[in-house]
K.L.:
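Okay, here's the structure, questions in a sec.
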Amino acid sequence: MKPVVLDPSFFKRDVLEVAPGLIGKIIVRKFENGEIKRYRITETEAYRGEEDLACHASKGRTQRTEVMYHQGGKIYVYLIYGMYWMLNLVTGEPDHPCAVLIRGIEGFSGPGKVGRELRLDKTFYGEDVAPSKRIWIESDGYEPDIWVSSRIGVEYAGTEWTEKPWRFIAKENK
DNA sequence: GCGTCGATCTAC
DNA sequence: TAGATCGACGCG
């Protein structure tokens, strides 16, 4: 099937639909030299609103979390441990601060490696996910079976939120 | 202003 | 199992 660019409406749904929906989709990165690379998404995690203590928005609306309060289809990046840029895609309607963390793409397992491969930096913050920009998503109709588990590295949020089955992995990849 | 810590990865 | 490395956040 010929790849089609995902419509912005894809992201304006609940993050618990978008996160598994992104598994098997293709993330496209246009680099500064014009080179375009495509990577199939193999792993995602959902972060869902202020009540989700693992979500950065649980701290409220700040300069850092601002973009999550916008409508779906924008990029939320942040620096972690002083060296890794995490790639997130904002989902849902305005004032519902949710985002999907891209934890893995084909050939690169782990969100830090994803950010490094895609050469992210702070200038991606708030950018639209669109072919006119540097990052967008395509579908070629491939829909792998999905494995679900709890989220990684969010123990600080307490067991209620750590145990949510909000991590999605392409089964063949596992 | 200052201390703490993090949605990670790598090497020892 | 600890170190890299720095911005956001909380406290004062």
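Not measured: the values here are computed from a predicted model. Lettering follows sequence order; numbering is per chain, from 1. The figures that follow rest on heavy atoms only: side chains count, while hydrogens, waters and symmetry mates do not.
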K.L.:
A:Phe124 ring centre to A:Arg134 NZ or CZ under 6.0 Å, with the angle to the axis within 45°?
P.N.:
yes
K.L.:
Report the distance from atom CE of A:Met83 to atom C1' of C:dT5, rounded to the nearest whole Å.
P.N.:
5 Å
K.L.:
Roughly how many Å apart are B:dC2 and C:dT5, using the P atom of each and rounding to a whole number?
P.N.:
22 Å
K.L.:
State, yes or no, whether a side-chain contact exists between A:Trp166 and A:Leu16 at a heavy-atom distance under 4.5 Å.
P.N.:
yes
K.L.:
Rounding to an integer number of Å, can you tell me how far A:Ile152 CD1 sits from B:dG6 P?
P.N.:
15 Å
K.L.:
For A:Glu43 and B:dA7, give me the distance from atom CD to atom P, rounded to whole Å.
P.N.:
16 Å
K.L.:
Where the side chain of A:Leu79 is defined as all heavy atoms beyond and including C-beta, which of C:dA8, B:dC9, C:dC6 is the nearest nucleotide?
P.N.:
C:dC6
K.L.:
If you only use heavy atoms from C-beta on, which nucleotide in C:dG10, B:dG6, B:dA7 is closest to the side chain of A:Leu101?
P.N.:
B:dA7
K.L.:
Tell me whether the ring of A:Tyr81 lies stacked over the B:dT8 base, given a 5.5 Å limit on centroids and a 30° limit on the plane angle.
P.N.:
yes
K.L.:
Rounding to a whole Å, what distance do you find between A:Asp121:CG and C:dG7:P?
P.N.:
13 Å
K.L.:
Between the base of C:dA8 and the side chain of A:His56, is there a donor-acceptor distance below 3.5 Å?
P.N.:
no
K.L.:
Tell me whether A:Tyr156 and B:dG6 count as stacked here, given that the ring centres must be under 5.5 Å apart and the planes must differ by less than 30 degrees.
P.N.:
no
K.L.:
Calculate the interatomic distance between A:Arg116 atom CZ and C:dT5 atom C1'; express it in whole Å.
P.N.:
15 Å
K.L.:
Over all strands shown, is A:Gly82 touching base, sugar-phosphate only, or nothing at heavy-atom distances under 4.0 angstrom?
P.N.:
base
K.L.:
What's the CG-C1' distance between A:Leu53 and B:dA7, to the nearest Å?
P.N.:
14 Å
K.L.:
Can you tell me if A:Glu35 has over 12 outside heavy atoms packed within less than 6.0 Å of its CD?
P.N.:
yes
K.L.:
Identify the nucleotide, in any strand shown, that forms a Watson-Crick or G-U wobble pair with C:dT5, with both distances under 3.5 Å; if there is none, say none.
P.N.:
none
K.L.:
With a sphere of 6.0 Å drawn around CD of A:Glu66, does it hold more than 12 non-hydrogen atoms of other residues, nucleotides or ligands?
P.N.:
yes
K.L.:
Nearest of C:dT5, B:dC9, B:dA7 to any side-chain atom of A:Asn88?
P.N.:
B:dA7
K.L.:
Ignoring backbone atoms, establish whether A:Thr62 has a side-chain N or O less than 4.0 Å from OP1 or OP2 of C:dC9.
P.N.:
yes
K.L.:
Tell me: CD of A:Gln63 to P of C:dC6, nearest whole Å?
P.N.:
19 Å
K.L.:
For A:Glu32, is the CD atom crowded, meaning more than 12 foreign heavy atoms sit under 6.0 Å from it?
P.N.:
yes
K.L.:
Just name whichever nucleotide pairs with B:dA7, Watson-Crick or G-U, keeping both distances under 3.5 Å, else none.
P.N.:
none
K.L.:
Contact class for A:Met86 (heavy atom, under 4.0 Å): base, sugar-phosphate, or nothing?
P.N.:
sugar-phosphate
K.L.:
Any side-chain N or O of A:Arg61 below 4.0 angstrom from OP1/OP2 of C:dC9?
P.N.:
no
K.L.:
Quick one: does A:Tyr78 reach the base of B:dA7 with a side-chain donor-acceptor pair under 3.5 Å?
P.N.:
yes
K.L.:
Is it possible for you to check whether A:Arg151 lies under 6.0 Å from the centre of the six-membered ring of A:Tyr47, through NZ or CZ, and within 45° of that ring's axis?
P.N.:
yes
K.L.:
Quick one: is A:Lys59 getting a side-chain N or O under 4.0 Å of the C:dG10 phosphate, OP1 or OP2?
P.N.:
no
K.L.:
Report yes if a side-chain nitrogen or oxygen of A:Arg103 is closer than 4.0 Å to either non-bridging phosphate oxygen (OP1 or OP2) of B:dT8; otherwise report no.
P.N.:
yes
K.L.:
Whole-Å distance between C:dC9 P and A:Glu66 CD?
P.N.:
12 Å
